[in-house]
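Structure, as structure tokens:
Just so you know, these numbers use all the heavy atoms, side chains as well, and skip hydrogens, waters and symmetry mates.
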Amino acid sequence: MIGLGLTLLAFAGTLLATRRGTGHGLGVLMLFGYFYGILRARFLDGFSHFIFDAAVLGLYVSFFTRPRKKVRVGLDGQALQVWMRVLMVWPLCTMVVSPFFDSQHFFIQIVGLRVAILLLPLITIGASLDEETLDQFTEWLLWLNVVAFGFAVAELSLGLEMFFPRNASSAIIYLSTDVGEDNQPRIPSTFNNAHAFAATMLMSLPLLLRRWHRRRNSRVLTAAVMVLTVLCLFISAARSPVVQLFVIILLLLLCTRPSFKMLAGVTAFALVVGVVVMQNPRFQRFATLQNTDYVTERVGWSVNSSLWSVIQDYPLGNGLGSAAGTSIPFFLADLARPQIGLENEFGRIALEQGILGLVMWLGFVVWLVTRFPPRRRGAWVVADRMLWLTMCVMWLTAFIGTGLLSSIPGSALLLLYMGAVVGMRRPAPAPVAKPRPVSARPTSPARGVSTLETVRP
């Protein structure tokens with residue numbers, strides 16, 4: 001029953017926090033997302049699986065039912081609304097036709113809606129965020145990252161079993177023992193697995209950089225948390241987020257005009273992180289990517305086997321929940337047919353939603369990538385571009401792994417960024433016309449006009 005209590009708490013917490021402010025509501029959502037993995041492992045019952053889902057629903061109920069001031073969305077905002085309708089309706093259409101071919105059980109497809117539909121409204125919320133709301137949200141992320149780093153260090157020192165009991169929920173954590181010569185486990189902190197931990201830390205960096213630019217009086221604190229956040233990528237021993245970080249930084253330097261001060265800051269940042277990483281072999285698993293034959297084989301298998309074979313074998317899709325990336329609750333495991341293992345997010349979309357669904361998602365992603373952040377005044381334009389680049393790199397590397405749309409809470413953060421990219425291009429509000437000052441000097445009535453009448457200006 002503890003799982004039920006946590007689920008109700010998640011719903012009520014995000015509901016009340018969102019009424020106080022959307023930034024606080026998103027922060028509470030991330031709070032339950034950060035601790036979702038460890039809570040689910042420690043309180044393994046049928047309800048704990050839905051803790052994050054309940055938090056998302058609480059956010060939606062509060063955000064979409066409260067009165068909001070109208071803002072000018074522009075052409076990009078109108079196009080985004082059309083994309084949202086298309087992407088949310090199509091999975092429901094696939095469920096209608098799924099009984100005509102060999103697909104998953106209806107209840108398993110309902111679970112698959114979490115990946116296909118449940119989180120998509122976060123894109124709409126992300127497009128509506130203003131500067132003050134982003135500031136509130138970033139404060140939550142700042143301290144949540146500190147807590148996640150603390151748990152990661154504790155797991156390095158004390159071991160995983162003190163935090164994650166061995167059960168069906170934590171099985172993937174104890175299967176991922178491929179770090180170093182001693183085959184030590186990867187570090188998940190409070191998350192479902194190490195990749196969810198590292199990906200969330202990576203995607204929080206653009207907002208932390210934005211805070212560094214906007215909060216000049218606490219730059220030391222922000223810089224320290226950014227260092228801890230990057231160290232989490234290496235502590236987790238997940239390789240893909242490390243590569244993605246290098247690509248994002250390189251592209252950021254290429255698409256901006258870095259000043260000497262900026263280059264010096266990046267260099268100092270890299271030196272601090274590099275010194276710490278070189279002190280512990282556990283943090284150097286990314287170095288195994290020097291094996292070019294393995295990398296070539298992995299990429300080739302992900303692209304050729306995962307994507308093209310799915311398109312050929314399942315042109316109409318095989319129903320929601322068919323891909324191995326979908327998390328099936330243990331109490332529904334008996335209803336689930338064997339899932340198909342994939343290492344390609346686009347292949348997962350094609351498997352569950354068919355070729356037409358894949359084309360829709362590819363069109364939407366291409367449209368988003370072309371929404372380059374506008375030039376704005378202020379130094380935080382670098383943070384805007386880093387946010388856009390992070391979204392682009394995450395999608396451009398989606399062909400070498402799954403979980404981009406099913407990771408908790410990283411997927412929620414990515415979808416917020418996808419909406420925020422459109423929100424950056426929102427037209428400025430129309431200026432409010434100031435009333436003309438009324439002259440206090442009495443005026444004589446015009447000729448031919450009664451003094452009881454009003455002279456029109």
Check ion pair R215-E139 (N to O, under 4.0 angstrom): yes

Locate the shortest heavy-atom distance separating F151 from S189; write the atom from each residue and the value. CB-OG, 3.6 Å

Heavy-atom nearest pair, V422 first then G77, reads CG1-N, 4.1 Å

Quick one: do D178 and R285 satisfy side-chain contact (heavy atoms from CB on, under 4.5 Å)? Show the steps, please. CA-CA 9 Å; D178 52 2; R285 183 171 177 264; 2.9 Å; yes

Looking at side-chain heavy atoms only, is the closest gap between S236 and R186 below 4.5 Å? no

Given 3.5 Å as the limit, does a donor-acceptor pair link the side chain of S62 with the main chain of G58, or not? no

Is there a side-chain contact (heavy atoms from CB on, under 4.5 Å) between M391 and L368 once you walk through the steps? CA-CA 9 Å; M391 180 206 69; L368 273 179; 4.2 Å; yes

Under a 3.5 Å threshold, yes or no: a donor from one side chain and an acceptor from the other, between N183 and T177? no

Electrostatic pair R210:D135 at N-O distance under 4.0 angstrom: yes

Verify, without hydrogens or angle tests, whether T133 (side chain) and L129 (backbone) share a donor-acceptor contact under 3.5 angstrom. no

Heavy atoms, side chains only, cut-off 4.5 Å: are V227 and V230 in contact? no

pair L92-L113: side-chain heavy atoms closer than 4.5 Å: yes

So, for L207 and T138, which heavy atoms are closest and what is the spacing to 0.1 Å? O-CG2, 3.3 Å

Pair L57-L118, side-chain contact (heavy atoms from CB on, under 4.5 Å): steps then yes or no: CA-CA 9 Å; L57 291 178; L118 178 63; 4.1 Å; yes

For the CH2 atom on W367, are there more than 12 heavy atoms of other groups (residues, nucleotides or ligands in this structure) within a distance under 6.0 Å? yes

Using the side chain to side chain donor-acceptor pair (under 3.5 Å) rule, take Q353 and T94 through it: C-alpha gap first, then chi angles, then the decisive distance, then the call. CA-CA 6 Å; Q353 302 185 29; T94 63; over 6 Å; no

Please assess F63 against S128 for the test side-chain contact (heavy atoms from CB on, under 4.5 Å), listing each intermediate value before the final yes or no. CA-CA 11 Å; F63 181 84; S128 68; 3.4 Å; yes

Can you name the closest pair of heavy atoms from E155 and T190 and give their distance? OE2-N, 4.4 Å

Side chain to side chain donor-acceptor pair (under 3.5 Å) with T22: which of R66, Q136, E132? R66

Keeping Y34 on the side-chain end and I408 on the backbone end, is there a donor-acceptor pair under 3.5 Å? no

Is the shortest side-chain heavy-atom distance between L119 and F52 below 4.5 Å? yes

Pairing residues for R42 by the side chain to side chain donor-acceptor pair (under 3.5 Å) criterion, not counting sequence neighbours: none

Does any donor atom in the side chain of R211 or S218 lie under 3.5 Å from an acceptor atom in the other side chain? yes

Donor-acceptor contact below 3.5 Å, side chain R282 vs main chain P185: yes

Over all atoms of both residues, closest heavy-atom pair of L59 and T14: N-OG1, 3.5 Å

Measure the spacing between CZ of R114 and CG of L405 and express it to the nearest 0.5 Å. 13.0 Å

Determine yes or no for a side-chain-to-main-chain donor-acceptor pair under 3.5 angstrom, with D45 supplying the side chain and G3 the backbone. yes

Measure up the F372 and W388 rings against each other and bin them: parallel (under 30°), tilted (30 to 60°), perpendicular (over 60°). perpendicular

Less than 4.5 Å apart, side chain to side chain, heavy atoms only: is that true for L141 and M30? yes

So for atom CD1, which belongs to I355, do other residues, nucleotides or ligands contribute more than 12 heavy atoms lying within a distance under 6.0 Å? yes

How about Y60 and T18: do any of their side-chain heavy atoms sit closer than 4.5 Å? no

Qualifying ring pair (Phe, Tyr, Trp, His ring centres under 6.0 Å) pairs with a residue from residues 221-243, counting only residues at least two apart or across chains: F234-F286

Can you tell if the side chain of V365 reaches within under 4.5 Å of the side chain of V369, non-hydrogen atoms only? yes

Is a donor on one side and an acceptor on the other found under 3.5 Å between the side chain of S170 and the backbone of A41? no

Close side-chain approach of L404 and T397, heavy atoms under 4.5 Å: no

For L205 against L245, the heavy-atom pair lying closest together: CD1-CD1, 3.8 Å

Using salt bridge (charged side-chain N to carboxylate O under 4.0 Å, His left out) as the criterion, list what pairs up with R19, not counting sequence neighbours. none

Are W361 and W83 near enough that their ring centres are under 6.0 Å apart? no

Relative to the ring of H49, is the ring of Y36 parallel (under 30°), tilted (30 to 60°) or perpendicular (over 60°)? perpendicular

Answer yes or no: is there a donor N or O on one side and an acceptor on the other, between the side chain of S48 and the main chain of F43, under 3.5 Å? yes

